[in-house]
Chemist: 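If you scroll down you'll find the structure; I have some questions about it.
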Amino acid sequence: MSTGTFLAGRTALVTGSTSGIGRGIAQALARAGADVMVHGLGAPAMIAADCAALAAETGRRIGWDAADLTSPGEVERLIVATRERIGPVDILVNNAGIQHVSPVEEFPPEKWEMIRSLMLDASFHAIRLTVAGMKQRGWGRIVNLASVHGLVASPFKSAYVAAKHAQVGLTKSVALELAETGITCNAICPGYVRTPLVEGQIADQARVHGLPRERVIREVILAAQPTKRFVEIEEVASLALFLCGDSARSITGAAIPIDGGWTSR
Ligand code: NAD
(Lines give C-alpha, C1' and ligand atoms only; values in the text may rest on other atoms or scores of the structure.)
Protein backbone atom coordinates (compact mmCIF):
# COMPACT_ATOMS: atom_id res chain seq x y z
CA MET A 1 0.00 0.00 0.00
CA SER A 2 1.61 3.30 -1.03
CA THR A 3 0.18 5.97 1.22
CA GLY A 4 2.83 8.70 1.45
CA THR A 5 3.35 10.48 4.73
CA PHE A 6 0.17 12.50 5.06
CA LEU A 7 -0.07 11.63 8.76
CA ALA A 8 3.46 12.86 9.61
CA GLY A 9 3.40 14.76 12.90
CA ARG A 10 0.22 13.01 14.12
CA THR A 11 0.04 10.61 17.04
CA ALA A 12 -2.29 7.61 16.89
CA LEU A 13 -3.51 5.32 19.65
CA VAL A 14 -4.96 2.05 18.36
CA THR A 15 -6.46 -0.10 21.11
CA GLY A 16 -6.23 -3.84 20.64
CA SER A 17 -3.46 -3.50 18.06
CA THR A 18 -1.29 -6.42 19.16
CA SER A 19 -3.43 -8.66 16.94
CA GLY A 20 -5.80 -8.84 13.99
CA ILE A 21 -7.52 -5.73 12.62
CA GLY A 22 -5.95 -3.32 15.12
CA ARG A 23 -2.47 -4.51 14.22
CA GLY A 24 -3.25 -3.91 10.52
CA ILE A 25 -4.54 -0.41 11.27
CA ALA A 26 -1.50 0.45 13.42
CA GLN A 27 0.79 -0.64 10.58
CA ALA A 28 -1.18 1.37 7.99
CA LEU A 29 -1.11 4.53 10.15
CA ALA A 30 2.64 4.22 10.82
CA ARG A 31 3.32 3.65 7.10
CA ALA A 32 1.37 6.88 6.44
CA GLY A 33 3.69 8.76 8.81
CA ALA A 34 1.95 8.67 12.21
CA ASP A 35 3.72 7.87 15.46
CA VAL A 36 1.72 5.03 17.01
CA MET A 37 0.98 3.69 20.45
CA VAL A 38 0.28 0.01 19.96
CA HIS A 39 -1.92 -1.41 22.68
CA GLY A 40 -3.12 -4.83 23.73
CA LEU A 41 -2.40 -8.10 25.44
CA GLY A 42 -0.10 -10.91 24.33
CA ALA A 43 3.41 -12.33 24.65
CA PRO A 44 5.69 -9.35 25.47
CA ALA A 45 8.73 -10.60 23.52
CA MET A 46 6.69 -11.14 20.33
CA ILE A 47 4.94 -7.78 20.62
CA ALA A 48 8.21 -5.97 21.30
CA ALA A 49 9.75 -7.57 18.19
CA ASP A 50 6.69 -6.65 16.10
CA CYS A 51 6.83 -3.00 17.28
CA ALA A 52 10.59 -2.81 16.69
CA ALA A 53 10.11 -4.13 13.14
CA LEU A 54 7.42 -1.50 12.43
CA ALA A 55 9.60 1.28 13.87
CA ALA A 56 12.57 0.12 11.76
CA GLU A 57 10.45 -0.09 8.60
CA THR A 58 8.70 3.28 8.99
CA GLY A 59 11.12 5.38 11.05
CA ARG A 60 8.17 6.31 13.29
CA ARG A 61 8.02 6.26 17.10
CA ILE A 62 6.15 3.09 18.09
CA GLY A 63 5.26 2.34 21.72
CA TRP A 64 3.33 -0.48 23.34
CA ASP A 65 1.12 -0.61 26.43
CA ALA A 66 -0.88 -3.54 27.82
CA ALA A 67 -3.57 -1.65 29.77
CA ASP A 68 -6.58 -3.81 30.67
CA LEU A 69 -9.33 -1.64 29.19
CA THR A 70 -12.09 -3.25 31.23
CA SER A 71 -10.89 -0.85 33.97
CA PRO A 72 -11.63 2.90 33.48
CA GLY A 73 -8.51 3.75 35.51
CA GLU A 74 -6.39 1.77 33.05
CA VAL A 75 -7.94 3.61 30.09
CA GLU A 76 -6.87 6.86 31.71
CA ARG A 77 -3.38 5.52 32.43
CA LEU A 78 -3.07 4.46 28.75
CA ILE A 79 -4.01 7.94 27.48
CA VAL A 80 -1.45 9.55 29.82
CA ALA A 81 1.22 6.99 28.84
CA THR A 82 0.57 7.70 25.15
CA ARG A 83 0.92 11.44 25.69
CA GLU A 84 4.12 11.07 27.71
CA ARG A 85 5.83 8.44 25.55
CA ILE A 86 4.57 9.18 22.00
CA GLY A 87 2.57 12.41 21.94
CA PRO A 88 -0.95 13.77 22.51
CA VAL A 89 -3.57 11.61 20.79
CA ASP A 90 -4.69 13.03 17.42
CA ILE A 91 -6.08 9.77 16.06
CA LEU A 92 -7.98 7.46 18.38
CA VAL A 93 -8.97 4.03 17.09
CA ASN A 94 -11.21 2.19 19.57
CA ASN A 95 -10.68 -1.34 18.34
CA ALA A 96 -10.10 -3.71 21.29
CA GLY A 97 -12.83 -6.32 21.44
CA ILE A 98 -13.82 -9.82 22.45
CA GLN A 99 -16.71 -12.14 21.70
CA HIS A 100 -18.74 -14.61 23.75
CA VAL A 101 -21.43 -16.81 22.20
CA SER A 102 -24.18 -18.21 24.42
CA PRO A 103 -28.00 -18.44 24.69
CA VAL A 104 -29.17 -15.37 26.57
CA GLU A 105 -30.54 -17.34 29.53
CA GLU A 106 -27.13 -18.93 30.04
CA PHE A 107 -25.07 -15.81 29.27
CA PRO A 108 -22.59 -15.36 32.14
CA PRO A 109 -23.15 -11.90 33.69
CA GLU A 110 -19.38 -11.46 34.09
CA LYS A 111 -18.93 -11.98 30.30
CA TRP A 112 -21.68 -9.41 29.63
CA GLU A 113 -19.89 -6.97 31.91
CA MET A 114 -16.48 -7.64 30.33
CA ILE A 115 -17.75 -7.20 26.76
CA ARG A 116 -19.62 -4.01 27.61
CA SER A 117 -16.76 -2.48 29.56
CA LEU A 118 -14.11 -3.34 26.92
CA MET A 119 -16.01 -2.35 23.78
CA LEU A 120 -18.40 0.39 24.94
CA ASP A 121 -17.21 1.89 28.23
CA ALA A 122 -13.54 1.98 27.18
CA SER A 123 -14.50 3.73 23.91
CA PHE A 124 -16.41 6.35 25.91
CA HIS A 125 -13.57 6.88 28.39
CA ALA A 126 -10.91 7.11 25.67
CA ILE A 127 -13.00 9.64 23.71
CA ARG A 128 -13.80 11.58 26.90
CA LEU A 129 -10.11 11.85 27.75
CA THR A 130 -8.74 12.78 24.29
CA VAL A 131 -11.31 15.16 22.79
CA ALA A 132 -10.21 18.27 24.73
CA GLY A 133 -6.67 18.02 23.29
CA MET A 134 -7.96 17.40 19.76
CA LYS A 135 -10.20 20.48 20.09
CA GLN A 136 -7.25 22.61 21.22
CA ARG A 137 -5.26 21.48 18.18
CA GLY A 138 -8.29 21.89 15.87
CA TRP A 139 -7.92 18.43 14.34
CA GLY A 140 -8.78 14.89 15.32
CA ARG A 141 -9.95 11.55 14.04
CA ILE A 142 -11.93 9.03 16.08
CA VAL A 143 -12.55 5.65 14.47
CA ASN A 144 -14.62 3.10 16.37
CA LEU A 145 -14.29 -0.50 15.22
CA ALA A 146 -17.89 -1.59 15.51
CA SER A 147 -19.24 -4.45 13.37
CA VAL A 148 -22.15 -5.45 11.16
CA HIS A 149 -23.43 -6.42 14.60
CA GLY A 150 -23.64 -2.70 15.33
CA LEU A 151 -26.27 -2.52 12.56
CA VAL A 152 -28.03 -5.89 12.59
CA ALA A 153 -28.17 -8.79 15.03
CA SER A 154 -27.35 -12.48 15.16
CA PRO A 155 -28.61 -14.88 17.83
CA PHE A 156 -26.50 -15.94 20.82
CA LYS A 157 -24.37 -12.78 20.74
CA SER A 158 -26.51 -10.59 22.98
CA ALA A 159 -23.67 -8.76 24.75
CA TYR A 160 -21.64 -8.21 21.59
CA VAL A 161 -24.63 -7.01 19.53
CA ALA A 162 -25.79 -4.70 22.35
CA ALA A 163 -22.31 -3.23 22.88
CA LYS A 164 -21.70 -2.72 19.14
CA HIS A 165 -25.11 -1.06 18.59
CA ALA A 166 -24.33 1.23 21.53
CA GLN A 167 -20.88 1.98 20.10
CA VAL A 168 -22.56 3.10 16.85
CA GLY A 169 -24.90 5.33 18.88
CA LEU A 170 -21.93 6.81 20.74
CA THR A 171 -20.24 7.47 17.38
CA LYS A 172 -23.22 9.45 16.07
CA SER A 173 -23.66 11.52 19.23
CA VAL A 174 -19.96 12.40 19.50
CA ALA A 175 -19.84 13.27 15.76
CA LEU A 176 -22.69 15.75 16.14
CA GLU A 177 -21.08 17.33 19.21
CA LEU A 178 -17.73 17.77 17.44
CA ALA A 179 -19.01 18.62 13.96
CA GLU A 180 -17.57 22.15 13.87
CA THR A 181 -14.25 21.38 15.55
CA GLY A 182 -12.19 19.68 12.81
CA ILE A 183 -12.67 16.32 14.51
CA THR A 184 -14.56 13.48 12.86
CA CYS A 185 -15.97 10.41 14.57
CA ASN A 186 -16.99 7.36 12.54
CA ALA A 187 -17.67 3.68 12.99
CA ILE A 188 -16.39 0.91 10.73
CA CYS A 189 -18.74 -2.06 10.54
CA PRO A 190 -16.97 -5.14 9.16
CA GLY A 191 -18.51 -8.46 8.36
CA TYR A 192 -16.30 -11.44 9.04
CA VAL A 193 -12.60 -10.66 8.86
CA ARG A 194 -10.17 -13.55 9.21
CA THR A 195 -8.41 -12.77 12.51
CA PRO A 196 -7.57 -14.76 15.66
CA LEU A 197 -11.00 -13.78 17.04
CA VAL A 198 -12.73 -15.47 14.09
CA GLU A 199 -10.33 -18.43 13.97
CA GLY A 200 -11.58 -19.25 17.48
CA GLN A 201 -15.18 -19.12 16.27
CA ILE A 202 -14.44 -21.43 13.30
CA ALA A 203 -13.01 -24.02 15.67
CA ASP A 204 -15.97 -23.66 18.09
CA GLN A 205 -18.58 -23.96 15.32
CA ALA A 206 -16.81 -26.97 13.77
CA ARG A 207 -17.11 -28.69 17.15
CA VAL A 208 -20.76 -27.67 17.70
CA HIS A 209 -21.94 -28.66 14.19
CA GLY A 210 -19.60 -31.63 13.71
CA LEU A 211 -18.61 -30.24 10.28
CA PRO A 212 -15.26 -29.96 8.52
CA ARG A 213 -13.59 -26.58 8.68
CA GLU A 214 -14.22 -25.56 5.03
CA ARG A 215 -17.97 -26.30 5.30
CA VAL A 216 -18.16 -24.37 8.57
CA ILE A 217 -16.55 -21.36 6.88
CA ARG A 218 -18.94 -21.37 3.89
CA GLU A 219 -22.19 -22.62 5.42
CA VAL A 220 -21.99 -21.31 8.99
CA ILE A 221 -19.53 -18.45 9.40
CA LEU A 222 -20.05 -16.82 5.97
CA ALA A 223 -23.73 -17.84 5.64
CA ALA A 224 -24.85 -14.18 5.84
CA GLN A 225 -21.88 -12.71 3.92
CA PRO A 226 -22.95 -12.74 0.24
CA THR A 227 -19.42 -12.57 -1.22
CA LYS A 228 -18.63 -15.84 0.60
CA ARG A 229 -15.14 -14.68 1.38
CA PHE A 230 -13.60 -13.12 4.45
CA VAL A 231 -12.92 -9.40 4.46
CA GLU A 232 -9.13 -8.99 4.61
CA ILE A 233 -7.46 -7.07 7.44
CA GLU A 234 -5.79 -4.79 4.86
CA GLU A 235 -9.21 -3.77 3.47
CA VAL A 236 -10.37 -2.61 6.91
CA ALA A 237 -7.04 -0.87 7.52
CA SER A 238 -7.34 0.99 4.18
CA LEU A 239 -10.79 2.25 5.14
CA ALA A 240 -9.54 3.41 8.56
CA LEU A 241 -6.63 5.17 6.88
CA PHE A 242 -8.97 6.89 4.41
CA LEU A 243 -11.10 8.15 7.33
CA CYS A 244 -7.96 9.73 8.82
CA GLY A 245 -7.21 11.74 5.68
CA ASP A 246 -8.36 15.20 4.67
CA SER A 247 -10.49 13.75 1.85
CA ALA A 248 -12.71 12.27 4.56
CA ARG A 249 -13.21 15.48 6.54
CA SER A 250 -16.92 15.64 5.61
CA ILE A 251 -17.54 12.06 6.65
CA THR A 252 -18.61 12.08 10.29
CA GLY A 253 -21.22 10.20 12.29
CA ALA A 254 -21.19 7.44 9.68
CA ALA A 255 -21.38 3.72 10.38
CA ILE A 256 -19.70 2.29 7.30
CA PRO A 257 -20.29 -1.36 6.42
CA ILE A 258 -17.41 -3.34 4.91
CA ASP A 259 -19.29 -6.58 4.91
CA GLY A 260 -19.46 -8.18 1.45
CA GLY A 261 -23.11 -7.11 1.16
CA TRP A 262 -24.32 -8.60 4.49
CA THR A 263 -26.39 -5.57 5.55
CA SER A 264 -27.96 -5.18 2.07
CA ARG A 265 -30.16 -8.19 2.70
P1 NAD B 1 -8.33 -9.98 17.88
O2 NAD B 1 -8.76 -11.02 18.86
O3 NAD B 1 -7.41 -10.37 16.78
O4 NAD B 1 -7.69 -8.74 18.66
C5 NAD B 1 -8.33 -8.20 19.79
C6 NAD B 1 -7.41 -7.22 20.46
O7 NAD B 1 -8.06 -6.73 21.66
C8 NAD B 1 -6.07 -7.82 20.91
O9 NAD B 1 -5.03 -6.89 20.71
C10 NAD B 1 -6.28 -8.05 22.39
O11 NAD B 1 -5.07 -8.04 23.15
C12 NAD B 1 -7.16 -6.87 22.76
N13 NAD B 1 -7.89 -7.12 24.02
C14 NAD B 1 -8.71 -8.16 24.31
N15 NAD B 1 -9.13 -8.06 25.59
C16 NAD B 1 -8.58 -6.94 26.10
C17 NAD B 1 -8.62 -6.28 27.37
N18 NAD B 1 -9.33 -6.76 28.40
N19 NAD B 1 -7.92 -5.14 27.54
C20 NAD B 1 -7.19 -4.66 26.53
N21 NAD B 1 -7.11 -5.20 25.31
C22 NAD B 1 -7.79 -6.34 25.10
O23 NAD B 1 -9.69 -9.35 17.30
P24 NAD B 1 -10.09 -8.73 15.86
O25 NAD B 1 -10.84 -9.76 15.14
O26 NAD B 1 -8.93 -8.08 15.22
O27 NAD B 1 -11.16 -7.63 16.32
C28 NAD B 1 -10.83 -6.26 16.48
C29 NAD B 1 -12.13 -5.46 16.57
O30 NAD B 1 -12.88 -5.61 15.35
C31 NAD B 1 -13.03 -5.90 17.70
O32 NAD B 1 -13.66 -4.79 18.30
C33 NAD B 1 -14.07 -6.77 16.99
O34 NAD B 1 -15.29 -6.81 17.67
C35 NAD B 1 -14.19 -6.04 15.67
N36 NAD B 1 -14.70 -6.86 14.58
C37 NAD B 1 -14.04 -8.00 14.21
C38 NAD B 1 -14.57 -8.76 13.16
C39 NAD B 1 -13.91 -10.02 12.70
O40 NAD B 1 -14.51 -10.73 11.88
N41 NAD B 1 -12.71 -10.32 13.11
C42 NAD B 1 -15.76 -8.37 12.54
C43 NAD B 1 -16.38 -7.21 12.94
C44 NAD B 1 -15.84 -6.46 13.96
Side-chain angles (χ1 to χ4, degrees), residues 13-28 36-44 46-47 50-51 64-79 81 93-101 110-111 113-123 125-126 143-154 157 159-168 170-171 187-205 217 220-222 224-225 227 229-237 239-240 255-260 262-263:
L13 167 61
V14 185
T15 71
S17 51
T18 52
S19 171
I21 294 169
R23 180 171 175 268
I25 293 175
Q27 289 173 343
V36 179
M37 178 62 109
V38 170
H39 160 268
L41 314 178
M46 277 179 61
I47 296 168
D50 209 26
C51 290
W64 167 51
D65 192 287
D68 178 353
L69 298 189
T70 59
S71 151
E74 279 286 276
V75 181
E76 182 153 11
R77 193 191 59 67
L78 173 63
I79 303 297
V93 183
N94 287 308
N95 165 82
I98 49 169
Q99 177 63 281
H100 184 78
V101 179
E110 62 278 11
K111 288 284 186 195
E113 181 66 27
M114 189 184 292
I115 287 173
R116 198 211 67 222
S117 59
L118 179 61
M119 302 197 312
L120 177 60
D121 299 0
S123 300
H125 291 301
V143 178
N144 295 320
L145 247 296
S147 164
V148 285
H149 287 121
L151 304 171
V152 295
S154 292
K157 297 182 175 177
Y160 188 88
V161 169
K164 292 298 191 187
H165 272 69
Q167 205 185 25
V168 169
L170 173 68
T171 302
I188 294 180
C189 300
Y192 276 111
V193 186
R194 199 197 295 258
T195 69
L197 185 142
V198 168
E199 287 294 342
Q201 289 184 49
I202 295 171
D204 288 349
Q205 295 287 338
I217 290 173
V220 181
I221 302 282
L222 297 181
Q225 195 151 304
T227 49
R229 66 165 185 81
F230 286 103
V231 179
E232 299 299 335
I233 288 172
E234 292 71 22
E235 297 172 58
V236 183
L239 177 54
I256 304 172
I258 174 164
D259 65 359
W262 182 327
T263 49

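Order of appearance sets the numbers: ligands from 1, and atoms from 1 within every ligand.
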Chemist: Using a 4.0 Å cut-off to any heavy atom of S19, which atoms of ligand 1 qualify?
Modeler: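 Checking each atom against S19, I get 1 (P), 3 (O), 4 (O), 8 (C), 9 (O).
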
Chemist: Which atom pair, heavy atoms only, marks the closest approach of S154 to W262?
Modeler: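 Minimum heavy-atom contact is OG-CZ2, 4.2 Å.
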
Chemist: Heavy atoms only: which of T18, V14, L78 is nearest to atom 9 (O) of ligand 1?
Modeler: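 Result: the heavy atom closest to atom 9 (O) of ligand 1 is in T18.
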
Chemist: Looking only at non-hydrogen atoms, which of G200, P190, A146 approaches atom 35 (C) of ligand 1 most closely?
Modeler: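 Result: the heavy atom closest to atom 35 (C) of ligand 1 is in A146.
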
Chemist: Among all protein heavy atoms, pick the one closest to atom 17 (C) of ligand 1 and tell me residue, atom and distance.
Modeler: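 Going by distance alone, atom 17 (C) of ligand 1 is nearest to L118 CD1, 3.6 Å.
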
Chemist: Mind checking whether K164 has a heavy atom under 4.0 Å from ligand 1?
Modeler: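 It does; at least one heavy atom falls under 4.0 Å.
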
Chemist: Assess F230 for proximity to ligand 1: is some non-hydrogen atom of it under 4.0 Å away?
Modeler: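 Under 4.0 Å: no for F230.
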
Chemist: Any idea which part of A67 is under 4.0 Å from ligand 1, heavy-atom wise: side chain, backbone, both or neither?
Modeler: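 Answer for A67: backbone.
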
Chemist: Taking 4.0 Å as the limit for heavy-atom contacts, which would you say applies to A66 with ligand 1: side chain only, backbone only, both, or neither?
Modeler: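 Under 4.0 Å from ligand 1, A66 contributes no heavy atoms.
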
Chemist: Which of the numbered atoms in ligand 1 are below 4.0 angstrom from a heavy atom of Y160?
Modeler: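 The atoms of ligand 1 under 4.0 Å from a heavy atom of Y160 are 33 (C), 34 (O), 35 (C), 36 (N), 43 (C), 44 (C).
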
Chemist: Write down the atom of Q167, the atom of S123, and the distance for their closest heavy-atom approach.
Modeler: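 Heavy atoms only, the tightest pair is NE2-OG, 3.1 Å.
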
Chemist: Given S147, G42, G20, G97, which one has a non-hydrogen atom that is nearest to atom 5 (C) of ligand 1?
Modeler: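 Nearest heavy atom to atom 5 (C) of ligand 1 lies in G97.
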
Chemist: Only heavy atoms of L69, strictly under 4.0 Å: list the atoms of ligand 1 that pass.
Modeler: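 Answer, ordered by atom number: 19 (N), 20 (C).
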
Chemist: Taking only heavy atoms of V198 into account, list the atoms of ligand 1 that are under 4.0 Å away from them.
Modeler: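 By the 4.0 Å cutoff, the relevant atoms are 39 (C), 40 (O), 41 (N).
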
Chemist: Where is the nearest protein heavy atom to atom 26 (O) of ligand 1: which residue, which atom, and how far?
Modeler: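 The answer is I21 N, 2.8 Å.
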
Chemist: State if H39 counts as touching ligand 1 under the rule of any non-hydrogen atom under 4.0 Å.
Modeler: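 So H39 counts as touching ligand 1.
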
Chemist: Of all the heavy-atom pairs spanning V168 and G150, show the shortest one and how long it is.
Modeler: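 Result for this residue pair: CG2-O, 3.8 Å.
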
Chemist: For S17 versus A26, what's the shortest heavy-atom pair and its separation?
Modeler: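 Shortest heavy-atom contact: CB-CB, 4.0 Å.
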
Chemist: Examine D68 against ligand 1 and note whether any of their N/O atoms are separated by less than 3.5 Å.
Modeler: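 Yes, D68 has an N/O under 3.5 Å of an N/O on ligand 1.
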
Chemist: Could you tell me which non-hydrogen atom of V193 sits nearest to which non-hydrogen atom of E232, and how far apart they are?
Modeler: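 The pair with the smallest heavy-atom distance is CG1-C, 4.0 Å.
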
Chemist: Just let me know how T15 lines up against ligand 1, side chain, backbone, both or neither, with a heavy-atom cut-off below 4.0 Å.
Modeler: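 For T15, no heavy atom sits under 4.0 Å from ligand 1.
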
Chemist: With atoms numbered from 1 as shown, which atoms in ligand 1 lie under 4.0 angstrom from a non-hydrogen atom of Y192?
Modeler: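 Selected atoms, number and element: 40 (O).
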
Chemist: Less than 4.5 Å apart, any side-chain heavy atom of P190 and any of L145?
Modeler: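 P190 reaches L145 side chain to side chain.
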
Chemist: Which atoms from ligand 1 have a heavy atom of G40 less than 4.0 Å away?
Modeler: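 Within the 4.0 Å cut-off of G40, ligand 1 contributes 11 (O).
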
Chemist: With a cutoff of 4.0 Å, is A122 in contact with ligand 1, counting heavy atoms of the residue only?
Modeler: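 Judged by the 4.0 Å heavy-atom criterion, A122 does not count as contacting ligand 1.
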
Chemist: Of the choices V38, L41, D259, which has the non-hydrogen atom that lies closest to atom 11 (O) of ligand 1?
Modeler: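 Among V38, L41, D259, the closest heavy atom to atom 11 (O) of ligand 1 belongs to L41.
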
Chemist: Would you call the rings of Y160 and H149 parallel, tilted or perpendicular if under 30° counts as parallel and over 60° as perpendicular?
Modeler: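 Ring orientation, 0 to 90° scale: perpendicular.
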
Chemist: Can you check whether V193 has an N/O within less than 3.5 Å of an N/O in ligand 1?
Modeler: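 For ligand 1, there is an N or O atom that lies under 3.5 Å from one belonging to V193.
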
Chemist: For G22 and V14, which heavy atoms make the closest approach, and how far apart are they?
Modeler: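 Residues G22 and V14, closest heavy atoms: O-CG1, 3.6 Å.
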
Chemist: With heavy atoms of L145 as the reference, note each atom of ligand 1 found under 4.0 Å away.
Modeler: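 Close to L145: 30 (O), 32 (O).
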
Chemist: Counting each atom of ligand 1 from 1 as listed, which ones have a heavy atom of N95 under 4.0 Å away?
Modeler: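 Reading through ligand 1 atom by atom, the close ones are 28 (C), 29 (C), 30 (O), 31 (C), 32 (O).
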
